[in-house]
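Notes for the one structure printed next.
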Amino acid sequence: MKYLVTGGAGFIGSALCHRLMQAPDAQVTVVDKMTYAANPASLDPFKGDSRFRLVKADICDFSRMTELVLTEAPDVIFHLAAETHVDRSIDGADAFVQTNLIGTFAMLQAARALYEKGGKPGFRFVHVSTDEVFGSLGPEGRFDEATAYDPSSPYSATKAGADHLARAWHRTYGLPVLVSNCSNNYGPRQFPEKLIPLMVLNALEGRPLPVYGDGLNVRDWLHVEDHADALVRIAEAGVPGECYAVGGDSEKTNLEIVTLVCALLDARRPARGPHRDLITFVADRPGHDLRYAIDASKIRRDLGWTPSRDFTQGLADTVDWYIANEGWWRPLRETVYAGDRLGTVGA
Ligand code: NAD
């Protein structure tokens, strides 16, 4: 099988590459612009492997994407490349509109060029999206495939627009598109601007642990390797034109997550006082959605996918991974992002 993975040097894309490369006959080409969020070290294990190729390119480059897709003729395109940090989208939406909307348009057009040549029977375009497109829930209820779109941030609005493009390319042109809407991912190799790695690294350095608002916003958490398994399952067995809600049934408030990280570090890296003393409540994120939760019955029932990692164990393993892999994150902390507050415009 030949796979083309956009955004494969990012957090989920690299986990997906690790998953795909386990199959001895898999060939994987990554297309990544190598923005601040990419880390080539995440793909180090594949250096020199003739089955793997990293192409540094912008998905907004229409002619390059079409040429690449036609030349590679993949069986599956996994489209993950995106600008992904909500706080950065609040500070400036330009790159989000470009990559998430125009870039998705370019990838769909490139895929269409391949599909309409009739070259690849069974070809699939898996568009990887987020539960954030559905907006905010109150204390009850869960998102599923029938939930109306109601995005709150520039990030989620551009992902919502991209989902609409992807669905329209199926309905209008017959492109075999499948859409996944997944909850918050955690695990190794996540850029340290996101909640869990930011808290782990700040706590290791004895720096404040900024919790937005009252810390009671709820997210559903899924281990990134379970997400990678779900994407593979969707590509293998999903029905073109269908959407799949993917989640871990692990709802936690942000404050619960930070408190759990502190307890794990107290046991592993005892400091003078408990790490929870570093928790600092800061001004809330503008437009901060209260709660996300996913009803993943459809993918469980129709595709037989189920998450296999327990959250408590997965979080402990993730904390251990950051402790053991300073060489992965230290250069990012020192040269790309030191952990400062982002996303306060409009607050
Ligand atoms: P990430 O920010 O870690 O990685 C994104 C990757 O895309 C980076 O390697 C970056 O260099 C690349 N990229 C950005 N702009 C590009 C461009 N114009 N051309 C080519 N490459 C470009 O993101 P992630 O957390 O791995 O998320 C991957 C996908 O999964 C995104 O589409 C995101 O919306 C979706 N998603 C993420 C989560 C989550 O919790 N992280 C949950 C659900 C869905």
Side-chain angles (χ1 to χ4, degrees), residues 4-18 29-43 54-62 64-65 68 77-89 94-107 110 126-134 143 151 153-163 166 179-197 219-228 230-231 234 244-248 250 257 292 294 296 318 329 332 336-337:
L4 193 144
V5 180
T6 73
F11 168 47
I12 301 170
S14 60
L16 178 63
C17 290
H18 285 253
T29 298
V30 162
V31 182
D32 200 299
K33 189 179 174 184
M34 306 307 284
T35 69
Y36 79 95
N39 192 342
S42 299
L43 301 171
L54 170 60
V55 178
K56 186 178 175 199
D58 187 338
I59 57 161
C60 299
D61 184 338
F62 280 73
R64 182 123 189 243
M65 288 308 109
L68 186 70
I77 295 177
F78 288 103
H79 175 42
L80 294 94
E83 288 291 336
T84 62
H85 191 39
V86 174
D87 287 344
R88 289 183 195 263
S89 82
D94 310 43
F96 290 75
V97 172
Q98 280 304 319
T99 291
N100 300 0
L101 286 168
I102 307 297
T104 298
F105 172 37
M107 290 312 303
V126 179
H127 172 72
V128 180
S129 190
T130 162
D131 59 357
E132 302 201 23
V133 297
F134 301 123
F143 301 133
S153 70
Y155 164 63
S156 54
T158 55
K159 289 297 292 186
D163 292 12
V179 177
S180 69
N181 293 98
C182 186
S183 61
N184 274 36
N185 283 212
Y186 72 97
R189 302 181 214 93
Q190 187 170 30
F191 188 85
E193 65 192 352
K194 305 283 167 59
L195 182 69
I196 291 175
R219 300 292 180 262
D220 169 54
W221 292 90
L222 180 72
H223 195 279
V224 68
E225 290 165 10
D226 279 323
H227 188 190
L231 295 176
I234 288 169
Y244 296 90
V246 184
S250 289
I257 294 285
Y292 304 145
I294 288 273
T318 301
W329 55 261
L332 302 177
V336 185
Y337 174 64

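Just so we're clear, the structure is a prediction, and the values are computed from it rather than from any experiment. Every heavy atom of this structure was used, including side-chain atoms; hydrogens, water molecules and symmetry mates were not. Both counts, for ligands and for their atoms, begin at 1 and track the order of listing.
- Here's the thing with Cys60: none of its N/O atoms is less than 3.5 angstrom from an N/O atom of ligand 1.
- Protein heavy atom at the shortest distance from atom 33 (C) of ligand 1 is Tyr155 OH, 3.5 Å.
- Protein heavy atom nearest atom 14 (C) of ligand 1, with residue, atom name and distance: Ala82 O, 3.5 Å.
- Comparing heavy-atom distances from atom 16 (C) of ligand 1 across Thr99, Asn185, Thr130 singles out Thr99 as nearest.
- To the nearest 0.5 angstrom, Trp221 atom CH2 is 9.0 Å from Asn185 atom CG.
- Considering Val128, Asp32, Leu222 only, the shortest heavy-atom separation from atom 9 (O) of ligand 1 involves Asp32.
- The closest approach between a heavy atom of Ala57 and any atom of ligand 1 is below 4.0 Å.
- Atoms OG and CD, on Ser89 and Glu132 in that order, are 9.0 Å from each other to the nearest 0.5 Å.
- A distance of 7.0 Å separates CG of Asn181 from CD1 of Ile294, quoted to the nearest 0.5 Å.
- Distance check, rounded to the nearest 0.5 Å: CD1 of Ile12 to OG1 of Thr84 gives 8.0 Å.
- Applying the 4.0 Å criterion to heavy atoms of Met34 picks out, from ligand 1, the atoms 11 (O).
- You'll find the ring centres of Phe105 and Phe62 inside the 6.0 Å limit.
- Between Leu231 and Phe78, the shortest heavy-atom contact is O-CE2, 3.4 Å.
- When all heavy atoms of Cys182 and Leu222 are compared, the pair lying nearest together is SG-CD2, 3.6 Å.
- At a heavy-atom cutoff of 4.0 Å, ligand 1 is contacted by no atom of Ala95, backbone or side chain.
- With Thr6 contributing its side chain and Ala81 its backbone, the two residues share a donor-acceptor pair below 3.5 Å.
- The shortest heavy-atom distance from Ala9 to ligand 1 is under 4.0 Å.
- Ser180 and His227 get closest at one heavy-atom pair: OG-NE2, 4.3 Å.
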Set out, in order, the CA-CA distance, both residues' side-chain angles and the distance that settles side chain to side chain donor-acceptor pair (under 3.5 Å) for Thr104 and His79, then state yes or no. CA-CA 8 Å; Thr104 298; His79 175 42; 3.0 Å; yes

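- Scanning the protein for heavy atoms near atom 29 (C) of ligand 1, the closest one is Leu80 O, 3.3 Å.
- Scanning the protein for heavy atoms near atom 3 (O) of ligand 1, the closest one is Phe11 N, 3.0 Å.
- Ile12 CD1, 3.8 Å is the protein heavy atom nearest to atom 36 (N) of ligand 1.
- Atom 42 (C) of ligand 1 has as its closest protein heavy atom Ser183 O, 3.3 Å.
- Shown here for Leu332 and Pro192, the closest heavy-atom pair between the two residues is CD1-CD, 3.8 Å.
- Compare Lys194, Lys33, His85 by their heavy atoms: the one nearest to atom 20 (C) of ligand 1 is in Lys33.
- Per-residue contacts place Gly10 under 4.0 angstrom from the following atoms of ligand 1 (heavy atoms of the residue considered): 3 (O), 4 (O), 8 (C), 9 (O).
- For atom 10 (C) of ligand 1, the nearest non-hydrogen atom of the protein is Thr35 OG1, 3.2 Å.
- Judged by the 6.0 Å and 45° rule, Arg219 forms no cation-pi pair with Tyr186.
- Close contacts between ligand 1 and Ala37 involve ligand atoms 2 (O) [criterion: under 4.0 Å to a heavy atom].
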Note to self: Assess the residue pair Arg88 and Tyr36 against the criterion (side chain to side chain donor-acceptor pair (under 3.5 Å)); give the C-alpha distance rounded to whole Å, side-chain angles, the decisive distance to 0.1 Å, and a yes or no.
What the structure shows: CA-CA 12 Å; Arg88 289 183 195 263; Tyr36 79 95; 3.1 Å; yes

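- Numbered from 1 in the order shown, with element, the atoms of ligand 1 that lie under 4.0 Å from a heavy atom of Cys182 read 42 (C), 43 (C).
- Heavy-atom proximity to Asn184, at under 4.0 Å, picks out these atoms of ligand 1: 40 (O).
- Of all the heavy atoms in Ala9 and Val30, the pair that sits closest is N-CG1, 4.0 Å.
- Residue contacts with ligand 1: Asp58 is included, with a non-hydrogen atom under 4.0 Å away.
- Against a heavy-atom cut-off of under 4.0 Å, Lys159 is close to the following atoms of ligand 1: 31 (C), 32 (O), 33 (C), 34 (O).
- Residue Thr84 has at least one heavy-atom neighbour below 4.0 Å for each of these atoms of ligand 1: 1 (P), 2 (O), 23 (O), 27 (O), 31 (C), 33 (C).
- Looking only at heavy atoms of the protein, atom 44 (C) of ligand 1 is closest to Ser129 O, 3.1 Å.
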